[in-house]
Amino acid sequence: MVTNRCLIAAVLAATSIPASASIAVIGASSARLCYEAADGASLPTRRDFQRCTEALDEVGITRHDLVATYVNRGILRLRRNLVAEAIADFDMALALDPDQPEASLNKGAALMRQENATAALPLFTAALDHRTNRPALAYMGRAIAYETLGDARAAYRDYRMANRLEPNWPAPRTELQRFRVVSR
């Protein structure tokens, strides 16, 4: 069971949610290329990291785009298993915008990779409270955190919600099969 939760935590981290930069320029700005790398499925390259760092160093980058770029670079770092560095980027994004849902969601996933359910749990809740683009993923992460912390009822409720929101996603459905509901 512990191995299964670790696997799901890795899936959470692998399915990170990029933050969209709203840069309105023609061509391929560094922030846009950083977003595209975070939104892609392939392992990030050294050049992807350089583009994110270049975007962070750009003069005149908006606060929104700065926050989004920190989230996106954090996702790239998480994909390369640079968990501490990814968390540092998510922390920078949250320092600039404490209500940024994707920073909370992705930091929660990173903390689950470190097996720190206690710290991850409120981040998944914050992601939901601030309307993450992927609520099913936040419910799934929170369910895993609850279960890790011994709260099977809360875990069951969140697995059900993740399954309701994304009925074609097999992970919540698989987790729900382990539960048995008894009337009292």
Side-chain angles (χ1 to χ4, degrees), residues 1-20 35 37-44 67-68 70-83 86-87 89-91 93-94 97-184:
M1 189 106 49
V2 172
T3 304
N4 190 32
R5 280 197 300 270
C6 291
L7 176 63
I8 296 297
V11 168
L12 284 172
T15 56
S16 301
I17 308 305
S20 178
Y35 165 76
D39 194 38
S42 61
L43 274 176
V67 170
Y70 274 116
V71 172
N72 294 332
R73 188 174 70 176
I75 290 168
L76 296 179
R77 287 177 165 177
L78 198 53
R79 284 195 191 143
R80 281 288 183 184
N81 205 30
L82 302 168
V83 180
I87 289 171
D89 276 344
F90 301 138
D91 283 340
L94 289 167
D97 181 359
D99 297 334
Q100 214 302 327
E102 309 326 324
S104 295
L105 176 61
N106 287 299
K107 183 178 178 184
L111 289 168
M112 288 303 295
R113 189 177 275 193
Q114 290 182 328
E115 300 181 22
N116 189 347
T118 303
L121 184 65
L123 289 163
F124 291 124
T125 300
L128 290 164
D129 289 347
H130 298 295
R131 297 191 174 121
T132 178
N133 291 325
R134 293 283 304 274
L137 195 58
Y139 277 111
M140 185 70 177
R142 195 169 73 173
I144 296 165
Y146 274 133
E147 190 170 5
T148 300
L149 296 171
D151 190 342
R153 262 179 221 239
Y156 177 75
R157 281 193 306 267
D158 279 356
Y159 285 132
R160 279 188 51 195
M161 184 57 79
N163 189 58
R164 257 190 231 135
L165 292 171
E166 292 286 339
N168 294 324
W169 186 22
R173 192 173 46 252
T174 300
E175 294 305 309
L176 283 168
Q177 291 172 358
R178 297 182 296 106
F179 287 84
R180 195 178 103 207
V181 178
V182 254
S183 300
R184 290 188 181 189

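Note that the structure is a prediction, hence the values are computed from the model and not measured.
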Could you state the interatomic distance from [atom1] ([X]) to [atom2] ([Y]), rounded to the nearest 0.5 Å?
| X | Y | atom1 | atom2 | answer |
| --- | --- | --- | --- | --- |
| Phe90 | Ile75 | CZ | CD1 | 5.5 Å |
| Leu128 | Leu123 | CG | CG | 11.0 Å |
| Met140 | Trp169 | CE | CH2 | 5.0 Å |
| Asn163 | Met161 | CG | CE | 11.0 Å |

With sequence neighbours left out, the residues meeting ring pair (Phe, Tyr, Trp, His ring centres under 6.0 Å) with Tyr146 are none
Considering all heavy atoms of both residues, which atom of [X] and which atom of [Y] are nearest to each other, and what is their separation?
| X | Y | value |
| --- | --- | --- |
| Gly108 | Phe124 | C-CZ, 3.4 Å |
| Ala110 | Leu78 | CB-CD1, 3.8 Å |
| Glu166 | Ala136 | CG-CB, 3.1 Å |

Measure from the side-chain N and O atoms of [X] to the backbone N and O of [Y], and report whether any donor-acceptor pair falls under 3.5 Å.
| X | Y | value |
| --- | --- | --- |
| Arg142 | Thr125 | no |
| Thr148 | Ile144 | yes |
| Asn106 | Glu102 | yes |

Partners of [X] by side-chain contact (heavy atoms from CB on, under 4.5 Å), sequence neighbours excluded?
| X | result |
| --- | --- |
| Arg80 | Leu43, Pro44, Phe49, Leu82 |
| Arg153 | Asp151, Arg157, Arg184 |
| Leu149 | Ala117, Thr118, Leu121 |
| Ala119 | Leu111, Asn116 |

Is any side-chain heavy atom of [X] less than 4.5 Å from a side-chain heavy atom of [Y]?
| X | Y | result |
| --- | --- | --- |
| Leu137 | Thr132 | no |
| Pro101 | Asn133 | no |
| Arg160 | Phe179 | no |

Quick one: side chain to side chain donor-acceptor pair (under 3.5 Å) partners of [X], sequence neighbours excluded?
| X | value |
| --- | --- |
| Asn81 | Arg113 |
| Asp89 | Arg73, Arg77 |
| Asp91 | Lys107 |

Between Gln100 and Tyr70, a side-chain donor and acceptor under 3.5 Å:
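On atom types as modelled, these side chains do not qualify, holding no pair under 3.5 Å.
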